[in-house]
Each structure stands twice: as structure tokens, then as C-alpha cells.
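Notes to accompany the following structure.
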Amino acid sequence: MSKHESDRLVVALLVLGCAAVAGMLLGSWQLVLYPSLLIIGVLLGMSVVRRRVLVATGVPVGVTALLIVLFAVLHAMGADSPSGTGAFLGWDPMTALYLFGLGPAFLLVGLLFALTDRDHAAATDEEIAR
Amino acid sequence: MTFETNFWIITVVALYLAITLGIGVWATRRTKSVADFFVAGRSLGMFVMAIAAFASVQSGFGILGGTGITFASGLAFVTGIGFAAVLGFGLAWFLVGRRLFYMGQQGEVYTVGDVVERRYNSQAVRGAMAVAMVLGVVGYLGTQVQAMGVVMGAIFGIDTTVGALIGLGILAVYAVGGGTIAAVYTDVFQGLLMIVVSVAICFYAFNVAGGVGEVTSTLRAESADLAAPFGAMPAMTIVCWVLLFAVGAAGQPQLLTKFLMIRDAKQLRWGALTAGLAYMCTMFLVVGVGLTALALSLRGEFPELSGPDQALPAFLTEYTTPVFAGLVMAAILSAIMSTGDAFVNLGAAAIVRDIPRAFGKEVRSELTWSRIAVAGLLIVSVLFSMYLDTLVALLGVFGWGTFAAAIFPAVVIGLVWRGATRQGALVSILLSILINFVLEIGARYGFTPLPEGVVNGAFALAVSIVVFVGVSLATRRSDDVAAGGEPRDVVPVSAS
């Protein structure tokens, strides 16, 4: 990872960490959740920054965007004040979204690691050579 | 329980304990060096490493406590902790899997202390990390001892202290002799047992209550919250758990040290997915039994409990066959023992290797002293759990949060960011211990400065990340000068 690339991401980590701390102190769960999801994206970005553009951008941006969209939909459906109507495969619709949407999304990171591992190896070898 | 029920449960659990003991004896014969004792001779393949990693992260708290929280509050535990920890495996593999493996190839890198000293070229950072490790390990072990006592007592109908001593005696036999090799291979057996049993009991449990739809209807009739993803917990607690257990999982030492144990880098590829899937399978048990027991309780078809943690044992004895109950009891013991054996080795490493080296000393005959340290830690954890109950409960809560806040920034971010400095690492480690202790002790005496629902460990983790990055940025130049140049690189030049 070049100094400039890593420093930019680390400054983003610093800002997002401050936002999450502020959210906890202010009692705003939204101000904790969304910076936390972005922190996950930044961390993934730090781990893949030297890889091919598709991986270096696709993995952190894709995972973060997916998590933010799913949580935003959940938020919009009223996860913090459930309506208690409807059902999906026997589950409350919001619960179904969490179990069948967010659950696999969390697991996706491990799958992406496996699919991009060859690229990761090449990037690490390049880092070693430097 | 009838005599026949008791007989079959005891038989199945006794068989489980005998197999565990057998693996331990086999592992003891294979343990001949310090490298064998601490990093399993760097011999692990993908499957063994991944299952052992999952099993050591999934503790008695996750199975017994998770089911209890689900029984008391709905799905909060699963959505906040269970799924987030799955993401944590992926993060760990992405961020440090390959880096730690390469670092392990550099020579005698066996512990988290070895990693930070090599990374920051600082004995002080190693010493601070060792203090965090010992405190966290004692807490984790103490809570595992207490959980073991409860489960063994329930199975064999004996006093909880006697039950804890029997369970720990078995753990001691294989942990003292076989070290990490014993821990890893018993973890694989225990992990596979947890996976199979968890999936089976989930479907069985929902069937008992009439299916998912019936359970949801019963919960909704009581409160819409109970059927919702966040359960009856505040949304703030759930999002704090997501941060603490997704990001913090990547900072758990029992997971990170597994990367030092694999035989080559190719073994990394499918590990994150395997470990994550395995962990998710155990959430089936928590969801199935927790929600079913709650629904049955609301219908008046479940026994009165002395506490939520009794939900799982009560369901097993009331609604399952004796053999099935025995298998699930064995799976609960697996969760407890697989975490306990990992931590006893981490604690021994901190005591025998990290603390003396932080003062520039090296222990001769590390293998022998490590075995003695393992035995000593087990004795101390029993004494603590028997006589310092409050302290154990405190350290138990303190464990995950402290590991996350102390280790994640200094080790995980430190390995991917070359600009990290020893000052940043040192301050973040010490501050994370302080924040966790002050908030956890304060909470016991009514001092709760954070808003309702905020999880102390998550707060400590967020502050620790901010402080680590901030101090590193502020001290980078002086650190470079002090170290005679850039901090040591994160990967060796000879890796291949």
C-alpha cells in the first residue's frame, strides 16, 4: 500500500471512528450504524488497496453499499419500531430481510476473499518485493 | 428426569468426554517442541484451521447465553452478535490472514506479543499487550469454568463446583500435555459436533412449536418487538454489537494466532467462508431453541426458569429424546471447552513468553514452563470462579471488549498500515484496558456515563481506533527517528 493511499484511508477511518464515538455519546444509533458500516468498507479497502482495480474498488465499495442499502431498507421498514404485519416464509418481513438478506451479505465477505485470493497473493508478493 | 433419560444423557456426554480425552492423549505424543505447543508445528490445513478458529470463537456464552438472550429478548443476539461475528471472520482473513502467515514464517513468531514486538520493534508494546492478554484470559477462563460447572451439574446431577472440577480436569489432561495441537484437534471434533447438532435441533425445535409461522404468531400476539429482528433490545445496543462483533472479531487472539499455524498460504483461501458458515450454523440452535422456548413459555407450555440461561437445558429435558439431549449437552460442553483450551494456551504464552521478553528476559525450557503455566492458569481460574465470583463476571464481560479494543488497532490496523507507530499502539492498548475497566466496574456501582443501550466494549473499540490512528499520525516522524527509519515491515522479505 502506498503511503498516500493508506494515509487517505486511515484519515477516513479516523473521521468515521470519531463519528461513531459521537453517535454513542449522543445516543444516536444511526450515527453509530452507518459510520460503522463505512469503517468496515474502509478496512476492506485498506486490505485490498494494491490489488487490481476491480477488486480494490469492487470489494470494499460493493460490500459497504450492499450493507448500507439493506440496513437502510430495514430502517425504512421500521426495525426500531416494528409494525408486526405480514409474513415471509413464516417470519416477520423485517426479520426475513435480516435473516435472508443481511445474513448472507455478512457471509459474502468470506466468499469474496476466496474468489479474490489469487489476486491477494499476487498483491502481497508485490508488496514483499517492494 | 427419569433414570433411563439420565442414563442416556450421561452415556452420550461420557462418550464425548472420552473421545476428547483420546484426542488429547494422541496430541500429547505429537507435542515435542515450543512450536508444537504454541502454533501446532505450523502444520494445519484449511479445514482444520477454519473449524478450530470458529470453535474457539464460539464459546459457552454464544450457545448457552445466546439462547438465553433470545429466550428473554427475541432475535437481538443473533442479529447483533451472531451475524456480525460471521463478517468478522471475513475481515480477519482479508486484513491479516496472509500478513500473519508470512510473519509466522520469519522465525519464532508464536504469540500476539511476538507479532507486536516484531511490528513495532518495542518491548513496551509487547508488555502492554501481555497485560491485556492475561486479564482477558483470566476473565474468559473464569466464565468458562462457571459455565462448565452449570452444564456438568445439570448433566450428572452433581454440585456445580464438582462438575467444574471434573470438566476442567479433562481439559487439563489434554491442554497441559498437548498444548495447541490438542486444542486444535479437539476443537475440530467439538466444532463439527456443534455444527451438526445446531442445525438438527433448530428444525426439531420449530417442529415442536408448530413451525416458524406459529412461533411468529405467538410472539407477535405478545409483542411485535419479539418477532422483529432487533427483538426487545434497544437499536443502539444492536448497532454497538454489530461494530464490536464484526470489527472486534478480527481482533480476537484465539482467531489471529490460527494464521500462524497453517502450513502454507494456499490454506487461507476457503478458510473465511468455512469458519463463517460454521459459526452461522451454530446460530440455528440459538434461533430455533431460543424462539421456540419463548413461544412455548408465552403459551404456558414451558417450565418456570430461575434465569434465561436455563432455557436451553430446560428445552432439552422437556422436549427432546435423551440421546438428542445428550448430544446437545455435549455440543454445549464443546463450545465451552474449545474456547477454554484456546485461552489457556494464549494465557500460558503471555506468561511464559511475552511478559519475560517484555523485560528483556527469556525463559529456559519454555515447553516445560508453558505446561506448568497451563496447569497454573486452570487452578487460578477455578479459584477465581469459586472465591472471586464478582471479579470473574467482571473480567468475563471485560474479555471480548478488551481484546477487540486492545488488539484490533495495534495488531490488525498496524499490520495493514505502515504509518502506525509504537506510541499509537501503546496508548491505544493501555487506554482500551482503562476504559473497559472503568466502565465495567463503574456499571456495577451505578456509574453509567454513556447513554442507555451503548455497549461499553464498542465504545472502547471506537475510541481505541481513533486514538491509535490519531497518535500514530501525530508521532509518526518521531517514531521513524527513534526506530532509525520506517517501522519494521509487516511481511518478510523471504516469504514465498
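From a predicted model like this one, the values you see are computed outputs, not experimental measurements. Numbered from 1 within each chain, the chains take letters A, B, ... in sequence-line order. FYI, side chains are in, hydrogens and waters are out, and symmetry mates aren't considered; it's all heavy atoms of this structure.
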Report task. Using a 4.5 Å cut-off on heavy atoms from C-beta on, say whether the side chain of L25(A) contacts that of F459(B). Result -> yes

Requested in this report: State, to 0.1 Å, how close W91(A) and T216(B) come at their nearest heavy-atom pair, and which atoms those are.
Outcome: CA-OG1, 4.0 Å

Query raised in the report: Taking C-beta and beyond as the side chain, do W417(B) and L13(A) meet within less than 4.5 Å on heavy atoms?
Result: no

Requested in this report: Could you grab the distance from atom CG of L461(B) to atom CE of M24(A), nearest 0.5 Å is fine?
Outcome: 7.5 Å

Requested in this report: Using a cut-off of under 4.5 Å on heavy-atom pairs, state which of G470(B), P451(B), G213(B), G90(B) scores highest against chain A.
Outcome: P451(B)

Report summary line: Distance col, row L244(B):CG vs S36(A):OG, nearest 0.5 angstrom, shows 10.5 Å

Requested in this report: Check whether any side-chain heavy atom of L89(A) sits under 4.5 Å from a side-chain heavy atom of V212(B), and report yes or no.
Outcome: no

Requested in this report: Walk me through it: do F94(B) and T116(A) pass the test side-chain contact (heavy atoms from CB on, under 4.5 Å)?
Outcome: CA-CA 10 Å; F94(B) 260 111; T116(A) 62; 4.0 Å; yes

Query raised in the report: How about L33(A) and I238(B): do any of their side-chain heavy atoms sit closer than 4.5 Å?
Result: no

Query - Check: V32(A) and M236(B) side chains under 4.5 Å, non-hydrogen atoms - result: yes

**Report entry** Heavy-atom pairs under 4.5 Å with chain A, option from A462(B), A250(B), P449(B) with the top count
**Finding:** A462(B)

Report task. Could you walk me through whether T79(B) and M94(A) pass the side-chain contact (heavy atoms from CB on, under 4.5 Å) test, one step at a time? Result -> CA-CA 11 Å; T79(B) 54; M94(A) 288 180 294; over 6 Å; no

Query raised in the report: Are the side chains of P229(B) and L74(A) in touch, meaning some heavy atoms are under 4.5 Å apart?
Result: yes

Query raised in the report: What part of A246(B) lies closer than 4.5 angstrom to a heavy atom of chain A: side chain, backbone, both or neither?
Result: side chain

Report task. Among L44(A), L108(A), V63(A), single out the residue with the greatest number of heavy-atom pairs under 4.5 Å to chain B. Result -> L44(A)

Query raised in the report: Relative to chain A, which of E214(B), R269(B), M233(B) shows the most heavy atom pairs under 4.5 Å?
Result: R269(B)

Query raised in the report: Tell me, do F113(A) and L268(B) make a side-chain contact under 4.5 Å, heavy atoms counted?
Result: yes

Query raised in the report: Under 4.5 Å between any side-chain heavy atoms of D92(A) and L219(B), yes or no?
Result: no

Query raised in the report: Minimum heavy-atom separation for V10(A) to V469(B), with atom names?
Result: CG1-CG1, 3.3 Å

Query raised in the report: Side chain, backbone, both or neither: which part of V242(B) has a non-hydrogen atom closer than 4.5 Å to chain A?
Result: side chain

Query raised in the report: Is F203(B) atom CZ crowded by more than 12 heavy atoms from other residues, nucleotides or ligands, each under 6.0 Å away?
Result: no

Query raised in the report: Non-hydrogen atoms of chain A under 4.5 Å away: do they reach the side chain of L291(B), the backbone, both or neither?
Result: side chain

Report task. With rounding to the nearest 0.5 Å, note down the distance linking CZ in F230(B) to OG1 in T95(A). Result -> 10.0 Å

Query - Residues forming a side chain to side chain donor-acceptor pair (under 3.5 Å) with N207(B), sequence neighbours excluded - result: none

Requested in this report: Would you mind checking which part of L450(B) comes under 4.5 Å of any heavy atom in chain A, side chain (CB onward), backbone (N, CA, C, O), both or neither?
Outcome: side chain

Query raised in the report: If you tally heavy-atom pairs under 4.5 Å against chain A, which of F468(B), Y279(B), F83(B) wins?
Result: F83(B)

Report task. Would you mind checking which part of L67(A) comes under 4.5 Å of any heavy atom in chain B, side chain (CB onward), backbone (N, CA, C, O), both or neither? Result -> side chain

Query raised in the report: If you count heavy-atom pairs under 4.5 Å between each of L107(A), L99(A), V21(A), I40(A) and chain B, which one has the most?
Result: L107(A)

Requested in this report: Go through the atoms of V215(B) and report whether side chain, backbone, both or neither lie under 4.5 Å from a heavy atom of chain A.
Outcome: neither

Query raised in the report: Which answer fits V466(B), side chain, backbone, both or neither, if we ask what part of it has an atom under 4.5 Å from a heavy atom of chain A?
Result: both

